[in-house]
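Here's the structure, in structure tokens; my notes come after.
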2 protein chains.
Amino acid sequence: MSRESLPPTPASSVPTLADVARMANVSTATVSRCLNSPDQVAERTRTRVMAAVKGLGYAPNFGARALASKQTNTIGAVIPTMENAIFARGIQAFQEELGRHGYTLLVASSSYQEALEEEQIRTLTARGADGLLLIGFHRNARVYEFLKTRSVPALVAWAYDAENNTPSIGFSNKHAMVDLARIVFEKGHRHIGMISADTTANDRARDRLTGVKLAAGEAGLDVDRMPVIETTYSIECGVEAFRQIMAWTPRPTAVFCGNDVLAIGALRAAKEMGLSVPGDVSITGFDDIELASLAEPALTTVHVPHREMGRRAAGMLVDMVTKKITPKSVELQTDIRLRRTLGPPPT
Amino acid sequence: MSRESLPPTPASSVPTLADVARMANVSTATVSRCLNSPDQVAERTRTRVMAAVKGLGYAPNFGARALASKQTNTIGAVIPTMENAIFARGIQAFQEELGRHGYTLLVASSSYQEALEEEQIRTLTARGADGLLLIGFHRNARVYEFLKTRSVPALVAWAYDAENNTPSIGFSNKHAMVDLARIVFEKGHRHIGMISADTTANDRARDRLTGVKLAAGEAGLDVDRMPVIETTYSIECGVEAFRQIMAWTPRPTAVFCGNDVLAIGALRAAKEMGLSVPGDVSITGFDDIELASLAEPALTTVHVPHREMGRRAAGMLVDMVTKKITPKSVELQTDIRLRRTLGPPPT
DNA sequence: TTAAAAAATGTAAGCGCTTACATTTTACTG
DNA sequence: CAGTAAAATGTAAGCGCTTACATTTTTTAA
């Protein structure tokens, strides 16, 4: 067993920068430059180095690169769940755009639990995420501080607030809901109800509820007597909540749902209860997931540009990471999709 | 500006292991052990170290850890797209289980393009993924070789093949389809058609088609004359394909669809064409996505345990990475969900 | 009480890369 | 062709951690 010399043929293990350098007869610095800023290297050298890279099947070691350059080219996203089609769609677009910029996506999900979200944010940060995509503003101030001391830029999506100093991309859940609710009131509804997602740790749900209340106030309704049921994100819960809300006196002639999934549940419940939609009761959703236009009757809802949001979020985050800037929050437009589930109240 | 001494207070930057060591009055090795194998450290020391960790708000540097330990605790997954609910669901479960084992998920999507998939596999490998989750077996042999030389363990999901030496977790697409098709033929259908996803780079689609053909052969049909349309994964494509296939002579009385999304499209097309389902034509899907039971009439399809697959895939992959074993492939059971879209052929 | 074994801790050598700075080569100018 | 600027390349110092091995401390057994 000889030893004591610069390892000439590094066994059969994974080739390193040094191997490439040796083969191409240059220093490791030159190889590194070939890979990271090719135009700093003379063409002849570059060709030679690249040949060596190819010949050896060299690929840079991630850890070493991260350690030396202090960045991972990785962006983290903490979302409630991918099973929710709206996030799946947005994240898909987010990831595609990230890829175009040479970034990779690290994902974690919070299952709508605040504590878990905090943990995931810490995990992704520890995993070296250069930047973070977060959903909504609501979270412990401690988390924002943590991100600041670690100087990990974060972008909030699916929510919009020009005032907040965390940049965001999204839409005003409140305004969107106000717009929808106004249309509903114009149809003449005076007794309404709302099935909302849990509002405790979910500012989006909260804003949507606020929107309905605002518009209701405008229309002269007694907002305090409006039945509101908070429940979990699932069709079954929508069914159950709808039953409860229709037991109210006076019985609502229109039921706002905080999202399409709950609305689909409501729709099904109505069917089971033998109620005609929109003859006996109107139902509205929010998100415009695929199911919305497929439902029978098709669901009136608020259309949200999820893909666009994901795509642009990626661009913003990459800018934040590379240029170290804090972009302006961007507000996306939602629009009302009037479909069959909305009609005038029964006479 | 003084200098020349071991940096005592490292400015306000991120604390390192050395800072913790200094504060707790131990060596960096001890701190490292406290974090990675706590029971090798005396309780008193550990308490002191942990206090320092907390006091300093220390979190290990990912790159350094990866470089030194040669592992990232990160698992990569390359899926066609998250917009497909079946992958979203499976990946969600995958990620949750990964988290339970202390692993983080890195995702990339191939958009069903073979070349892109290869690129993504290389990217995730370069990003330091300790192991990889891949969908289906079909890919260039070069990719498998690459993975082998880099010794990155890979697990194939959504497909099952006990013979293949890449371990897998999934189900037999062929058998599942045979089972479904047999039921269809028992109803008396003699003229069938199939709307399939693109089979070129998709072994799952191919196997499903094979399944239908096998059962058709069993039933004594002339397999070669069976109309098959290959199209893209989308409701619209399903609509279009269904129109074409119903123009065939003799007109099919049952149309198999390679997945539920195509089936939903077919269903809609049937409605638009004024055909009764299953009165005039029966339609079947595959996957049992949420939409399947919500459709009107509800779709007969093959139920696949996506979540279970994701969850167990995570466990297997973690074993592969940590214990360096190659697990046995596991076959999951699918089952037929007989719903309203299947009936006997018109008389 | 003491030697040997076991447990705890420390020392220091990398891991493979990037990059500031130093040096060499090439290109240009008068 | 010398003299200088610009371009290309090399040198080597880390980046922050893990871990084999060495050393010290504690425990155990005789």
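Keep in mind that what you see is a predicted model, and the values were worked out from it rather than measured. In what follows, chains are A, B, ... by sequence order, proteins preceding strands, each numbered from 1.
- Here D:dC17 is the nucleotide among D:dC17, C:dG16, D:dT9 with the atom lying nearest to any side-chain atom of B:Leu17.
- The CD-P distance, from A:Glu43 to D:dA8, rounds to 11 Å in whole Å.
- As rounded to whole Å, 14 Å separates atom P of C:dA8 from atom CZ of B:Arg48.
- At least one side-chain nitrogen or oxygen of B:Ser32 sits closer than 4.0 Å to the OP1 or OP2 atom of D:dT18.
- Here A:Glu83 pairs with B:Arg307 in a salt bridge; the nearest charged N to carboxylate O distance falls below 4.0 Å.
- If you measure from atom CG of B:Asn73 to atom P of D:dC17, you get 15 Å, rounded to the nearest angstrom.
- Residue B:Thr45 places its side chain closer to C:dT9 than to any other of C:dT9, D:dT11, C:dT18.
- Side-chain proximity of A:Thr16 to C:dA12, C:dC17, D:dA8: nearest is C:dC17.
- Between B:Arg46 atom CZ and C:dT9 atom C1' there is a gap of 14 Å when expressed in whole angstrom units.
- Closest to the A:Arg33 side chain, of the nucleotides D:dT18, C:dA20, C:dA8, is C:dA20.
- Toward the 5′ end of DNA chain C lies the nearest nucleotide of B:Ala64, the other residue of the pair B:Ala64 and A:Leu35 mapping further downstream.
- One finds no salt bridge joining B:Glu96 and B:Arg311 here, because no Lys/Arg side-chain nitrogen approaches an Asp/Glu carboxylate oxygen to under 4.0 Å.
- Atom CD of B:Gln40 and atom P of D:dA20 are 10 Å apart (whole Å).
- Checking the phosphate oxygens (OP1, OP2) of C:dT18, a side-chain nitrogen or oxygen of A:Asn36 falls inside 4.0 Å.
- In the set C:dT19, D:dG16, D:dT18, D:dT18 carries the atom at the smallest distance from any side-chain atom of B:Ser69.
- By the 4.0 Å N-to-carboxylate-O rule, B:Arg122 lies too far from B:Glu119 to be salt-bridged with it.
- Checked against C:dG10, D:dC17, C:dT18, the side chain of A:Thr28 finds its nearest nucleotide in C:dT18.
- Picking from C:dT9, C:dT18, D:dG16 the nucleotide with the shortest atom distance to the side chain of B:Ala68 gives D:dG16.
- For A:Ala29, taking side-chain heavy atoms from C-beta onward, the closest of the listed nucleotides D:dA12, C:dT9, D:dT19 is D:dA12.
- In terms of heavy-atom proximity, B:Pro167 sits nearest to B:Leu155 at O-CD1, 3.4 Å.
- Atoms CZ (B:Arg65) and C1' (D:dT19) sit 14 Å apart, rounded to a whole Å.
- A salt bridge does not link B:Glu145 to B:Lys148: none of the charged side-chain nitrogens sits closer than 4.0 Å to a carboxylate oxygen.
- In summary, A:Glu118 and A:Arg142 engage in a salt bridge, as defined by a charged side-chain N under 4.0 Å from a carboxylate O.
- Rounded to whole angstrom, the span from the CD atom of A:Gln71 across to the P atom of C:dC17 amounts to 16 Å.
- Following rounding to the nearest Å, B:Leu67 (CG) and C:dC15 (P) show an atom-to-atom distance of 9 Å.
- Contact annotation: A:Thr30 reaches the phosphate of D:dG10 (side-chain N/O to OP1 or OP2, under 4.0 Å).
- For B:Lys70 and C:dG16, the shortest distance from a side-chain N or O to OP1 or OP2 is below 4.0 Å.
- Here the nucleotide nearest the side chain of B:Tyr58, chosen from D:dC17, C:dT9, C:dG16, is D:dC17.
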